[in-house]
Amino acid sequence: MTLRPGVTLLVSLALLFAGSGGAHSRLAAQVPDVLAGEPYVSLLGDRARIHFARDDSLVAERVLDLIDAQAPLPGLPADVPSGVSAVLTHGPEAFDELTGGVVPEWRAGVAIPAANLLVMPSGEGPRVLDGEGRRTLRHEWAHLGLHGYLGDLLVPRWFDEGYAQWASGGFDASEAWRLRVLMALGRAPALDSLTLRWPGGREQAHSAYLLAASAVGYLLESSGERGLTVFLERWRDERSFDVALLRTFGVTPGQFEEDWKQHVRERHGWLLVGSRSSAFWLFLAIVLLAMVRVRRARTREKLARLRATEPPDRPDFWIDGTGSAPPSPGVAQAP
């Protein structure tokens, strides 16, 4: 699930409906013909069928083109996912009706892998097609791809969210300072606690998302997409996340979490935290203002000393005995 445009948080309900598991995880959802009293029609593309209200036909065609043109997901076969049902809901009521009303109001998109279903609102205008909307689409597409490849295997929530973020543009380093604060205050939950229920509040979800995105980014920092491909293959073959993690990266989940936290502390130190603080910038502004004033005072003092040592405009040797200045050179005197 993703936040409305203008907010960087990307979270998902990928595991909310995952209880069905098994073969159902690769079956397309049966989308109702009517949502919130509005008839829906559909278009079939190469990789998905998109459902929409008639007024959204132009937007739906563009979104279907974006889906069919999706680049292969990192570490996954080029044809994953496929057979997706994508729905552009025309309003909040339709969105809630399709998702069961369990999605927070600040969402901007939802992936439901158990039904191979992707839901995005279109009733908020063309933003579904702007940069943030396309990133949301890629994020949810990544959820479906990951679960479609792994089948009925349970995916740890932090990895699910972190993978989707990595596939849709990577970790937002400008938010890294928040991780440092969370850890310093002891408010960073263990990664394995982000498994069953994603936090419902915006701030709590934001924190959980940062943890997940940072952890997956760190895991793949040195190995890149090749390491991810090997890891996912082993995970699917061994049917164990822990075994695949150990065989591919040489660490247990507990060791990885400790290494990652140490990485956050070292890379995102207190200087970065301070630089993101309004108090820091106020203090810096005061220091700079004081430096400017001191420099100006020194400049004025230096100018005053220079003026004190300059000869006067009409020194004494220019004055004759009568107290008047002699004529300027080259100027004739009256007889």
Side-chain angles (χ1 to χ4, degrees), residues 9-12 14-15 18 21 73-76 113 139 142-143 145-147 149-199 204-273:
L9 175 61
L10 300 173
V11 293
S12 171
L15 294 183
L73 291 166
L76 295 178
H139 183 99
H143 281 306
L146 180 64
H147 285 261
Y149 180 74
L150 295 174
D152 61 348
L153 297 178
L154 181 64
V155 182
R157 195 51 175 272
W158 67 267
F159 185 86
D160 197 3
E161 292 303 329
Y163 173 81
Q165 173 60 11
W166 201 70
S168 61
F171 175 64
D172 185 2
S174 66
E175 295 288 313
W177 65 275
R178 296 181 183 272
L179 293 176
R180 188 69 171 90
V181 173
L182 286 171
M183 290 183 179
L185 298 178
R187 293 169 54 189
L191 291 178
D192 60 6
S193 70
L194 305 176
T195 302
L196 300 178
R197 291 183 58 83
W198 201 254
Q204 294 86 351
H206 194 178
S207 298
Y209 157 74
L210 285 173
L211 290 167
S214 171
V216 171
Y218 170 66
L219 181 66
L220 304 176
E221 189 173 68
S222 59
S223 64
E225 187 169 342
R226 174 55 184 163
L228 177 64
T229 301
V230 173
F231 170 67
L232 292 176
E233 288 176 351
R234 287 174 173 167
W235 186 358
R236 189 177 66 169
D237 294 342
E238 300 286 347
R239 301 187 61 79
S240 170
F241 176 86
D242 293 5
V243 171
L245 188 69
L246 182 61
R247 288 189 58 196
T248 306
F249 301 105
V251 293
T252 64
Q255 290 171 333
F256 165 71
E257 183 166 355
E258 290 303 315
D259 292 345
W260 162 68
K261 288 183 177 180
Q262 184 61 33
H263 165 79
V264 171
R265 296 186 188 100
E266 292 176 353
R267 174 168 293 190
H268 312 299
W270 288 116
L271 181 59
L272 177 62
V273 174

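In what follows, every heavy atom counts, from backbone to side chain, and hydrogens, waters and symmetry copies are set aside.
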Hey, is the main chain of Gln165 close enough, under 3.5 Å, to the side chain of Ser168 for a donor-acceptor pair? yes

Examine distances only and state if a side-chain atom of Tyr163 and a backbone atom of Pro74 form a donor-acceptor pair shorter than 3.5 Å. yes

Heavy-atom closest pair (Gly217 atom, Trp166 atom, distance to 0.1 Å) is CA-CD1, 4.3 Å

Which pair of heavy atoms, one from Leu150 and one from Val155, lies closest together, and at what distance? CD1-CG2, 3.7 Å

Please report the interatomic distance CG(Leu228) to CG(Leu76), rounded to the nearest 0.5 Å. 7.0 Å

Counterpart residues, ring pair (Phe, Tyr, Trp, His ring centres under 6.0 Å), relative to Phe231 (two or more places apart): Phe159, Trp235, Phe241, Phe249

Any pair with a residue in residues 224-237 that passes salt bridge (Lys or Arg N to Asp or Glu O under 4.0 Å), sequence neighbours left out, goes on the list, sorted by first then second residue, please. none

Do any pairs count as a salt bridge (Lys or Arg N to Asp or Glu O under 4.0 Å) and have a residue in residues 239-250, sequence neighbours left out, and if so which ones? Asp152-Arg239, Glu238-Arg247

Does a side-chain heavy-atom distance below 4.5 Å link Trp260 with Val251? no

Are Leu73 and Leu146 side-chain neighbours, meaning at least one heavy-atom pair lies under 4.5 Å? no

